[in-house]
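Beneath this line is the structure, given in structure tokens, with notes to follow.
The figures here come from the full heavy-atom set of this structure, side chains too, leaving out hydrogens, waters and symmetry mates.
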Amino acid sequence: MSYAGYSWLGSSGGDDRNGRLLMGDDSSKSALQVLPSLLLGYSAFLNGVVAASAAKSEAFLKLATYTNSNRSGSIVSALAPIGYREKRRNGANTFVDPTFLYTHIHTRLSRHKVKDPTTGKYHNEAVPVASEIYKGWWVGGCYGHELDKDWGGVIDLTVEFPESCRGRTRHYISAPTWDGVPLPPAELDRVAIFAVEARKDGDVLVHCAHGRGRSTTVMCACLVKAGLYSTWQEAFKQIRNNRSVCKLNRRMKENLSEWQAQYFEGKNA
């Protein structure tokens, strides 16, 4: 989508039938055309590198992220123009500003279909920053602090965003992974165990940037590990029923199946 927008803004694809640029004359390309083009080009490049690398091997996840006893970082952070890890602490970094902007806009404008329990009809509503998909279990994005709620535990899957709920949770764990890239089975098991223990002290929030893919993957494992569902497929159905924007890509499904076979079914056999 980013590349499509970049190409359209940067070529004659943005001309109307009279050959004039939709955003201005060809002789006077304004910042209104140039800046969006640069932003979308940047986004297309960054996300393209991540997606292409992640599609080939789980080894990319190990290369892109690492975890220490204090906080998670990444190889990419060392290459960022401005201290990437400093952004995690200070909440600002030019390298990821486009991601912040996109996430903010996407969070505010996203809509999903909700079924009216009385009439049975569907209508569009704003996607909440987080949704309770089972009593005490929440899936959401990086704006969970807007719920003004205390948590028993928070699982943070983002790489680039500072944790907004850190001061309102008794237990916290960071398991950073890039958008669209699921945690490996061993990591899924580690955070699922954490979630089950944290649930004893209150509600648990699992969040990524938008509350769609990465967080859904982890929540599937959490619900199964907690004994609420027998398979991740059943857990996923429950999640979708309560947050329709949630989805899983092929790699997420594969990792969940591998986790279930190795860490759940294998141990219970």
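With sequence neighbours left out, the side-chain contact (heavy atoms from CB on, under 4.5 Å) criterion links Glu258 to Pro185, Gln262. Here Glu197 pairs with Lys200 under the salt bridge (Lys or Arg N to Asp or Glu O under 4.0 Å) rule; sequence neighbours left out. Under the salt bridge (Lys or Arg N to Asp or Glu O under 4.0 Å) criterion, Arg240 pairs with no residue, sequence neighbours left out.
The CG atom of Asp189 sits 11.5 Å away from atom CG of Leu183, with the distance rounded to the nearest 0.5 Å. If you take CG on Leu188 and CD1 on Ile193, they are separated by 11.0 Å, rounding to the nearest 0.5 Å. Once rounded to the nearest 0.5 Å, the distance linking NE2 of His145 with CZ of Arg166 reads 16.0 Å. Atom CZ of Phe264 is separated from atom OG of Ser230 by 6.5 Å, given to the nearest 0.5 angstrom. Taking CG of Asn124 as the start and OG of Ser110 as the end, the distance is 11.5 Å to the nearest 0.5 Å. Here Ile133 contributes atom CD1 and Met219 contributes atom CE; the two are 4.5 Å apart, rounded to the nearest 0.5 Å.
Without hydrogens or angle criteria, Glu125 side chain to Arg111 main chain gives no donor-acceptor distance under 3.5 Å. Not one N or O on the side chain of Arg108 forms a donor-acceptor pair closer than 3.5 Å with the backbone of Thr103. Side chain of Arg199 to backbone of Val204: no donor-acceptor contact under 3.5 angstrom is found. No donor-acceptor pair closer than 3.5 Å links the side chain of Thr169 to the backbone N or O of Tyr172.
By the 4.5 Å heavy-atom criterion applied to side chains, Met252 and Asn249 are counted as neighbours. Side-chain contact between His171 and Asp201: present, with at least one pair of heavy atoms (C-beta onward) separated by less than 4.5 Å. In this structure, the side chains of Glu132 and Asp203 come closer than 4.5 Å at one or more pairs of heavy atoms. Inter-residue side-chain proximity for Asp156 and Ile173 is flagged as unmet; no heavy-atom pair is nearer than 4.5 Å. Using a 4.5 Å heavy-atom threshold, the side chains of His104 and Tyr143 count as touching. With a 4.5 Å cut-off on side-chain heavy atoms, Ile155 and Leu205 do not count as touching. In this structure, the side chains of Ile239 and Leu223 come closer than 4.5 Å at one or more pairs of heavy atoms. Using a 4.5 Å cut-off on side-chain heavy atoms (C-beta onward), Arg168 and Asp148 make contact.
Residues Thr107 and His210 share a closest heavy-atom pair of OG1-ND1, 4.4 Å. Scanning both residues, Cys208 and Gly211, for their nearest heavy atoms gives SG-N, 3.3 Å. When all heavy atoms of Gly153 and Ala198 are compared, the pair lying nearest together is CA-CB, 3.8 Å. Phe194 and Val154 get closest at one heavy-atom pair: CE2-O, 3.8 Å. Shown here for Val206 and Cys222, the closest heavy-atom pair between the two residues is CG2-SG, 4.5 Å.
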Open item on the list: Before you tell me yes or no, could you show the steps for Arg212 and Val127 under side-chain contact (heavy atoms from CB on, under 4.5 Å), namely the whole-Å CA-CA distance, both residues' side-chain angles and the distance that decides it to 0.1 Å?
Closed with: CA-CA 11 Å; Arg212 283 164 165 74; Val127 177; 4.2 Å; yes
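No side-chain donor-acceptor contact under 3.5 Å links Tyr134 and Gln238.
Taking the six-membered ring wherever Trp is involved, the centroid distance between the rings of Phe161 and His207 does not fall below 6.0 Å.
Linking Ile, Leu, Val, Met, Phe, Trp and Tyr residues whenever their side-chain heavy atoms come within less than 4.5 Å places Trp232 and Leu228 in a single cluster.
With salt bridges taken as basic N to acidic carboxylate O contacts below 4.0 Å, one links Arg190 and Glu187.
Aromatic ring orientation, Trp138 versus Trp151: perpendicular (interplanar angle above 60°, classes split at 30° and 60°).
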